[in-house]
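For reference, the structure is listed below as structure tokens.
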Amino acid sequence: MRIYNTLSSREEEFQPQGDVLTMYVCGVTPYAECHLGHAMSYIVFDMVRRYLEYRGYKVKHVQNFTDIDDKIIKRAQELNVPSTEVAEKFIAQYFADMDELNVQRAEVYPRATEEVPKIIEVIQGLVDRGHAYEAKGDVYFRVSSDADYGKLSHQSLDSLQAGARVEVGVEKEHPLDFALWKAAKPGEPWWQSPWGRGRPGWHIECTAMSLRHLGETLDIHGGGQDLIFPHHENEIAQSESFTGTVPFVRFWMHNGLVQLEGEKMSKSLGILVTIRETLARFSPDAIRLFILSSHYRGPVSFSEDGLTAAEKGMERLRQAAKADGGAGADWQPGAIDAGAFRQRFVDAMDADFNSAQALAALFDLAREINRSISQRVGVEEGQRTLLELGRVLGFTFEDRDVRLGADPFVGLLISVRADLRAKKEWQLADSIRRRLKDLGVALEDSPQGTSWKYDRPSG
RNA sequence: GGCGGCGUUGCCAAGUGGUUAAGGCGAGGGUCUGCAAAACCCUUAUGCAGCGGUUCGAAUCCGCUCGCCGCCUCCA
């Protein structure tokens, strides 16, 4: 299979280096609720992981929580609670959101605050090797000591510097030197270190965690495109300078960013739509279908209409996967060439996870299933394949809102209505159907009887 | 200023040199149905921002122009 590598700016043939494929995905800084940008990134890498596993690789997936950081501290001070409380709250929220989106859990979720000894060890090593220096209790990485700094973002030190804002009053040798360790200000959480009381800088935790949990060279490191610079660039600089092992990461994968009304969603701009709000109105599968309908490296614009269209499309897949395929005596044996659809799916996904093209194969398979059913031709294998491939993309195929608990009452109404229909009391029967529809329950009559489903109004 | 991305049918979106430009949503017509719904069938881009160029042949390669966006500062 081929994967696009940000480092080389092109697709490369992918093979893991060992028996276990190592994959590190940058996690959240838990200081606020997750928004659709997070949904995008974690659904994309969930799809990546599921497909890698489907292709037979054993994947070890590690994802961090940066649970100590300026924004968390600020939030904690605003709320007048310990910063750990803020972090814990939003970590729990993160898991709740991701579970609902059917994102598989990583093997390990290291937290920055639990990796401080390793972080200090790495920083000390960088200082010892001349790659870092202490200044008034802060420790900075010396970018000039890294010959190929800028290789991920494809920028030279000079060109980066031209656009960079220089922080004032900071004791840095070079404007692009970045903090590995920050001295504690009064009232801030701190850990004891060789440079006094302080806390880790932003980038160092990922280096420490990936070294500890996955080794010196990772197969895949993922995150949003907004992390390419400075975060991932700095991770490379730290990690390779510390270990002397190149490359730190073999394949850098970056998902495109979510746009809202043409502009990037940004926490700092305050434009954000949370995952929770979106899940209140659209099914997890629809959100996932929407995201996977376009290539993961491109930008995505969420919209009301787009999500509604995705919900409809998802309903089509659900319907085909679960339709009564009939095992009656008058049914012909199945004739769908499931293998051909599977092959199309695999070919698409092998080409840098072209989920949009893979989905086209699923929709074609769904049509083939429906067509067979109408001809009373068996579809067991077709449906099995649709479910199998859909689950590789992370779809649950679950009906929405099953938890509403209205089932027995709907059943009762359907039964009453069946009696009315038998007596050709169409007006009353139609009235029941229409009023249930208004309540979000759609009835579908067929020769086999009446079925129903929740039809969530999109407003 | 530097780096990068994008511009394909009403909307979303695949397709990166060669028979009829995927798929979804929407729209129109038909089949089925008591009527609906769902499903199925048919129709819906001689054209891929514009202008040049390379080629037997380009949406696909090259150049230029226009427009939109991201990163270079916290961000998935």
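Below, all heavy atoms of this structure are taken into account, side chains as well, without hydrogens, waters or symmetry copies. Below, chain A is the first sequence line, B the second, and so on; all start at residue 1.
- To the nearest whole angstrom, the two P atoms, one in G50(B) and one in C11(B), are 15 Å apart.
- Asp347(A) and Gln343(A) form a side-chain donor-acceptor contact under 3.5 Å, judged by distance and modelled atom types alone.
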Quick one: what's the B/S/- string for nucleotides 12-21 of chain B, heavy-atom cutoff under 4.0 Å, read 5' to 3'?
-SSS------

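- Under the Watson-Crick or G-U wobble criterion, with both distances below 3.5 Å, G26(B) is paired with U44(B).
- In terms of phosphate contacts, Arg316(A) brings no side-chain nitrogen or oxygen within less than 4.0 Å of OP1 or OP2 of G23(B).
- Across all strands shown, C35(B) has no partner, as no Watson-Crick or G-U wobble contact with both distances under 3.5 Å is found.
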Scan nucleotides 28-37 of chain B nucleotide by nucleotide, 5' to 3', and note B when protein non-hydrogen atoms come under 4.0 Å of the base, S if they reach only the sugar-phosphate, - if neither.
------BBBB

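- Relative ring orientation between Phe290(A) and Phe302(A) is described as tilted, the plane-to-plane angle lying within the 30° to 60° band.
- Aromatic ring centres of Phe178(A) and His203(A) lie closer together than 6.0 Å.
- Residue Lys312(A) places at least one side-chain N or O closer than 4.0 Å to OP1 or OP2 of G26(B).
- Here the C1' atom of nucleotide A22(B) and the CG atom of Asp347(A) are 14 Å apart, to the nearest Å.
- Because its NZ or CZ atom is not both nearer than 6.0 Å to the ring centre of Phe14(A) and within 45° of the ring axis, Arg2(A) does not count as a cation-pi partner of that residue.
- Nucleotide G1(B) is matched to C72(B) when pairs are restricted to Watson-Crick or G-U wobble geometry with both distances under 3.5 angstrom.
- The nearest whole Å value for the distance from the CG atom in Leu317(A) to the C1' atom in C25(B) is 13 Å.
- Note that Arg297(A) lies in the cation-pi zone of Tyr4(A), set by a 6.0 Å cut-off to the ring centre and a 45° limit from the axis.
- With a 3.5 Å ceiling on both atom-pair distances, A14(B) lacks any Watson-Crick or G-U wobble partner.
- Taking the six-membered ring for Trp, Tyr31(A) and Phe90(A) have ring centres at least 6.0 Å apart.
- Between the side chains of His254(A) and Thr6(A), a donor-acceptor pair is found at a separation under 3.5 Å.
- Remark: Tyr296(A) pairs with no residue by the ring-ring contact (aromatic ring centres under 6.0 Å, His included) rule, at least two apart or across chains.
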